Amino acid sequence: MATTASQAPLAPRASTAPTRAVLARRAAAALATAAVLCAAGAPVAVADAPAPHAQASKLPDGLYGTKDPQYDGVWRQSLALLAQRTVGVRPSVTGVDWLAGQQCSDGAFAAFRADPGKACDDKTMRDTNQTGAAVQALAVLGGHDDAVQKAVKWLKSVQNDDGGWPSMSGTPSDANSTSVVIGALKAANLKPESVKKGDKSPYDALVSFQLGCDAKESERGAFAFQPKDGKLTPNADATAAAALGGLGQGFAVDPAGKDVNEPVTPLKCPGGDRKPDPKQAAGAGAAYLVAQLDANDQHLKSAMPGAGDQPDVGNTADAVVALAAGSHGDAAQKPLKWLEKNSANWAKEAGPAAYAQLVLAAHAAGGDPRHFGGADLVAQLNATGPKPAGSSAPSATPEKDAQDQDEQGAGVWWVFGIVFVACVGVGFLISGRKKKNGN
C-alpha cells in the first residue's frame, strides 16, 4: 500500500511524467489536497481540473472512489484490491475485471483509460508506478498470470541503464518508481537483483539515491527522489519507499510478530567509497525516518512545495510499513498510534487509496485494521467501491484464488448482489501517494 506516499504528477518527473508518478504513489495522500503536482524534480502539488470524460457521474462500474481517476485510477484500484485481499476480503469480480481491463496490449498500464476497448497508442501515457501497483495486486489476487507476466516484460523493456525506473520511460530514474517496480518483481516471484540492464540491478539504482557520509549528519541515510542539479536532497517520501524497496518488499507486508524488534541502524561513517548493500541502505533509511518521526510527534511533514508545516498522513503510513518490513516493531508502533488518532479526516477526504494505505500500515505493524482508532478501516474501504464477493482468509495459492474468482462469476454473485456503494471522497493530490501517493 503507496503509497503511497509525495512528489510530482504522472508524467516524466523532470517534466510532467515524474510528477504523475508521484500522483500514482501519492494519489491517496495528495488527492486529499485536490491538486496535481508538476514540479520538475521536487515533491508536488498543483491544482488540476477534472477531465470531462472522468466526471463522477460517468465513472465506470467496478472503479473504487468517486473522484476523477485521470491520474490515479489504476493506482487507487490496485491498492484497494491489494489491501482487501491482504486482510481476507475477496474483492468483487467487477472491480478486479476493471483493473485487468485497463492493461495495454504491450503489458503496460496507464493511470486511466476511459475506453479500454480502444487500443493504446503512442499518446497513451504508460506509467511504471501504475503498472507496478497493478502487478502487485493482480499477482496476489491470482488467476492473472498472463497479465502479470506481460506487465513485467514491459517493465523490463523500459528499465534505465542505471538499473532503475522513472515514472515515464525515457526520463531519469527515481527512488519511488524504482521501489514500486521492485515490489512488482517480488510479487511476480522474480529476484529483483537478477533483473539487470547491462550490469546494473534495481538495487544499484536505489542505493545511488541515498545520502552518504559526505552529507550533514542529520541527513545521512535519507534518500532523495532523484538527483537535482547533481545533488541529492533528503525526501521522507522517497526514503520510506526506498527503505521498503531495499528489502525487496512490496506494499503488502506480513507482520513480523510482536516479539520481533530489531533496532534501527544509522549509516555508519566514515564509510569510505563502498556503497552499502540494499539491506544496509534500507536500515539506514529507516533510522533517518525514525529520527524525523521522533522530532515531529511521530508523524512526517509534507515535503510538497507551498504545503507549509503540516503533517503528511500518507507518508507517515508508508513509514510505518517500511519500519514494520524491517522488523522495527517498536519504532513502527509509535507512528501507528499517531495515525489512529489523526488519519480519519484525511482518509475520508482522500478516498480508497488512503483507506488502503492505512489498512496495509495497520496490518504490517500487527494492528487490527477493523478496530483502528475506533474505526473499521476495512468496512470504510469496502464502501468506496463494488460490494466484495466475500470474506475469507487469503488462500495459500494463486490457483485457489483463481478458483474463487471463477466460482464467484459462475453462481455466487446472486447471493451477494451487484451493489455499488458510493463513497465520500474529495480530492487527492499526489504524494506517494498523490501521484506518489496515489489514491
Side-chain angles (χ1 to χ4, degrees), residues 1-4 25 78 82 85-86 107-109 128-167 169 173-210 223 238-256 262 274-286 318 321-322 324-327 360 364 394 396-399 401:
M1 329 192 115
T3 29
T4 229
R25 238 188 91 73
S78 298
L82 180 61
R85 202 69 188 94
T86 298
F109 284 80
T128 64
N129 286 261
Q130 312 283 345
T131 303
V135 167
Q136 293 191 47
L138 293 175
V140 168
L141 291 168
H144 297 84
D145 289 349
D146 289 345
V148 168
Q149 294 308 314
K150 285 176 61 178
V152 168
K153 183 178 180 180
W154 179 79
L155 288 170
K156 289 181 178 180
S157 75
V158 296
Q159 185 176 18
N160 281 342
D161 291 340
D162 63 0
W165 283 267
S167 173
S169 62
S173 301
D174 65 76
N176 296 68
S177 299
T178 300
S179 297
V180 171
V181 176
I182 286 176
L185 296 174
K186 183 67 178 297
N189 294 318
L190 294 176
K191 294 181 177 180
E193 63 270 23
S194 69
V195 179
K196 295 184 177 182
K197 183 69 176 290
D199 63 346
K200 299 292 186 180
S201 78
Y203 293 133
D204 290 314
L206 205 58
V207 298
S208 73
F209 299 121
Q210 187 167 47
F223 285 79
T239 303
L244 187 63
L247 296 173
Q249 294 273 19
F251 302 136
V253 172
D254 290 330
E262 297 291 335
R274 182 174 175 276
K275 284 282 186 182
D277 64 34
K279 188 173 181 181
Q280 291 174 327
D318 288 344
V321 175
S327 298
L360 293 171
T397 64
E399 290 72 18
D401 280 338

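This is a predicted model, so every value here is computed, not measured.
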Heavy-atom closest pair, residues Tyr203 and Gly246: CE2-O, 4.0 Å

Any Leu244 side-chain heavy atom under 4.5 Å of Val253 side chain: yes

Nearest non-hydrogen partners of Ala151 and Val135, listed with the distance: CB-CG2, 3.4 Å

Glu193 CD to Asp277 CG distance, which is reported to the nearest 0.5 Å: 11.5 Å

Minimal non-hydrogen separation, Ala241 against Ser179, with atom names: O-OG, 3.2 Å

Spacing of NZ belonging to Lys150 relative to CZ belonging to Phe109, to within rounding of 0.5 Å: 9.0 Å

Euclidean distance, Asp146 CG relative to Leu138 CG, rounded to 0.5 Å: 11.5 Å

Value rounded to 0.5 Å, distance of NZ in Lys197 from OG in Ser173: 9.5 Å

Pairwise side-chain contact, Asp204 with Asp162, heavy-atom cut-off 4.5 Å (strictly under): no

Nearest heavy atoms of Asp174 and Pro166, plus distance in Å: OD2-CA, 3.6 Å

Side-chain donor/acceptor of Gln210 to backbone N/O of Ala284, under 3.5 Å: no

Main-chain N/O of Asn129 paired with Ser177 side-chain donor or acceptor, under 3.5 Å: no

Taking every non-hydrogen atom, the tightest pair across Ile182 and Gly245: CG2-O, 3.5 Å

Donor-acceptor contact present, side-chain Gln136 to main-chain Phe251, <3.5 Å: yes

Minimum-distance pair of heavy atoms, taken over all atoms of Ser327 and Ala256: OG-CB, 3.9 Å

Exam field: side chain Thr131 to backbone Thr128, donor-acceptor pair closer than 3.5 Å: no

pair Gln159-Pro202: side-chain heavy atoms closer than 4.5 Å: yes

Flag side-chain contact, heavy atom, 4.5 Å: Trp165 against Val158: yes

